[in-house]
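The block underneath contains the structure these notes are about, expressed in structure tokens.
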2 protein chains.
Amino acid sequence: MSTDLLNQLFAINELMRRDMARAFAGTPLTESRVAVLWTLRMSGASTQRDIAAALDVSGKNVSLLIDALENGGYVRRTAHPTDRRAVLVELTDSAEEFMTTMQREHGELAATLVSEIPADERATVERGIATITAKLQQLVDDAANTEDPKP
Amino acid sequence: MSTDLLNQLFAINELMRRDMARAFAGTPLTESRVAVLWTLRMSGASTQRDIAAALDVSGKNVSLLIDALENGGYVRRTAHPTDRRAVLVELTDSAEEFMTTMQREHGELAATLVSEIPADERATVERGIATITAKLQQLVDDAANTEDPKP
DNA sequence: TATTGTTATACTCTATAACTATA
DNA sequence: TATAGTTATAGAGTATAACAATA
């Protein structure tokens, strides 16, 4: 049975991607752009360098994503108060509203999924998923450290 | 707690992507190309149209992916026995070997992850994940049918 | 007429390298 | 000298539309 686990996880990946895509169909948003919005929602106003680090992508890439988001009215670039090289990127009011809606929908989706599991098994399943996530994180970190030894 | 569920699932997504990327670093393969190889591994020789349907991407996209894979020696285009418009795409011997290795590694990873869960909870957790996958699948299907009513 | 795959065109995501303005 | 962001260039994934060959 456990050989099926990765297939299940891959299926969940794919399904969540499709579900997300539906959530912002009709907007000029893409998955990557929404990832930027999530970062800003969680961390507040950030420099492009911070966003690049959080998303593990190049600075150039962030420039393009912010260009598109700024153009669509989702974020605004403002002067950094102390570092004149840097800009601060922040969500506009309408983007904050948009993220509030997405967050609510995520919560509803999670509740719907969990409600399918028998009540007395929910805690075990949630703990199991957390365990899997933690182990996977550890494996990926270890692999990264092996390839890229302490600088 | 259940509000964290989606975050866990998103984290698993991201981690599996990174782990996969490591698995074929150094090859000319990308995530999308490997997705094609998986499809061929599971379904055997397929037309490009079948691959496009399985991956839910455009025919043009499949053309490009197959071009790249053919160029790298992973797949081969052969004539369709009965339909002269179509081509059959199939894995080369070396690609079959490559996929065998990937499949074995997937199995090992799944076993490692599952072994972190207390033995007496494994069945419950695996069943819970399967339940979540099924429900998610159903929600996505329903949404697709609502937008795109039976033609 | 409908379908398979390709050509043509375009947008997005991604990266590296060089450059400008600032620290 | 080092860092933040942009310009320049390039590869990859994705889509739609038009077209050729074949069903």
Side-chain angles (χ1 to χ4, degrees), chain A residues 13-14 17-18 20-22 24-39 45-72 74-90 148 151, chain B residues 13-14 17-18 20-22 24-39 45-72 74-90 148 151:
Chain A
N13 270 13
E14 181 59 21
R17 265 194 352 95
R18 289 195 203 172
M20 269 186 61
R22 224 195 51 253
F24 46 78
T27 73
L29 295 173
T30 63
E31 209 173 328
S32 299
R33 291 170 190 176
V34 171
V36 173
L37 297 183
W38 275 110
T39 299
S46 310
T47 63
Q48 294 191 185
R49 192 194 147 281
D50 290 340
I51 297 170
L55 268 51
D56 196 27
V57 295
S58 70
K60 162 63 173 173
N61 197 344
V62 171
S63 278
L64 291 174
L65 292 170
I66 301 298
D67 286 349
L69 287 169
E70 194 173 33
N71 210 275
Y74 290 89
V75 305
R76 140 182 4 106
R77 282 176 164 109
T78 61
H80 192 287
T82 61
D83 188 338
R84 282 196 300 174
R85 292 170 308 180
V87 297
L88 274 183
V89 182
E90 58 189 15
D148 187 38
Chain B
N13 271 12
E14 181 60 21
R17 265 193 354 94
R18 288 195 205 171
M20 269 186 60
R22 224 194 52 253
F24 46 79
T27 72
L29 294 172
T30 63
E31 208 173 328
S32 299
R33 292 171 190 175
V34 171
V36 173
L37 297 183
W38 275 111
T39 299
S46 311
T47 63
Q48 294 191 186
R49 192 195 148 280
D50 289 341
I51 297 170
L55 269 49
D56 196 27
V57 296
S58 70
K60 162 64 174 174
N61 196 346
V62 172
S63 278
L64 291 174
L65 292 169
I66 300 298
D67 286 349
L69 287 169
E70 195 173 33
N71 211 275
Y74 290 89
V75 304
R76 132 180 15 102
R77 281 177 166 109
T78 60
H80 191 287
T82 61
D83 188 337
R84 282 196 299 174
R85 293 170 307 180
V87 298
L88 275 182
V89 181
E90 57 189 17
D148 187 38

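Keep in mind that the numbers below use all heavy atoms, side chains included, and drop hydrogens, waters and symmetry copies. All values reported here derive from a predicted model rather than from experimental measurement. Order of the sequence lines fixes the chain letters, A, B, ..., with proteins taken first and strands second; residue numbering starts at 1 for each chain.
- In this structure, the CZ atom of A:F24 is 13 Å from the C1' atom of C:dT12, given to the nearest Å.
- Electrostatic pairing of B:D67 and B:R77 counts as a salt bridge here, judged by a charged N lying under 4.0 Å from a carboxylate O.
- Atom CG in B:L55 sits about 14 Å away from atom P in C:dG5, given to the nearest Å.
- Residues of residues 57-65 of chain A that place a heavy atom closer than 4.0 Å to DNA chain C, in numerical order, are A:V57, A:S58, A:K60, A:N61, A:L64, A:L65.
- The CZ-P distance, from B:R17 to C:dC13, rounds to 14 Å in whole Å.
- Rounded to an integer number of Å, the gap from B:I51 CD1 to D:dG13 C1' is 16 Å.
- Legend: residues meeting side chain to side chain donor-acceptor pair (under 3.5 Å) with B:R33, ordered by chain and number and at least two apart, are absent.
- The two residues B:T39 and B:A54 have their closest heavy-atom pair at CG2-CB, 3.9 Å.
- A 4.5 Å side-chain heavy-atom check between B:L88 and B:P81 finds at least one atom pair inside the cut-off.
- Heavy atoms only, all atoms of each residue included: B:A86 and B:H80 are closest at O-CB, 3.4 Å.
- For the pair A:R18 CZ and D:dT14 C1', the computed distance is 15 Å after rounding to whole Å.
- Nearest-nucleotide positions on DNA chain C for B:T47 and A:E31 put B:T47 closer to the 5' end.
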* To do: Walk me through it: do B:R76 and B:E70 pass the test salt bridge (charged side-chain N to carboxylate O under 4.0 Å, His left out)?
  => CA-CA 6 Å; B:R76 132 180 15 102; B:E70 195 173 33; over 6 Å; no
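- Looking at A:D50 and A:T47, their side chains do bring a donor and an acceptor atom within 3.5 Å of each other.
- Residues of residues 79-90 of chain A that place a heavy atom closer than 4.0 Å to DNA chain C, in numerical order, are A:T82, A:D83, A:R84, A:R85.
- The distance from atom CG of A:L29 to atom C1' of C:dC13 is 15 Å, rounded to the nearest whole Å.
- Checking the phosphate oxygens (OP1, OP2) of D:dG13, a side-chain nitrogen or oxygen of B:R33 falls inside 4.0 Å.
- The distance from atom CZ of B:R49 to atom C1' of D:dA21 is 17 Å, rounded to the nearest whole Å.
- Between A:S46 and A:I51 the shortest heavy-atom distance is CB-CG1, 4.0 Å.
- Contact record, B:Y74 with B:T27: OH-CB, 3.7 Å, taken as the closest heavy-atom pair.
- Between the CD1 atom of A:I66 and the C1' atom of C:dT12 there is a distance of 15 Å, given to the nearest Å.
- Of the side-chain N and O atoms in A:S32, none sit less than 4.0 angstrom from OP1 or OP2 of C:dT12.
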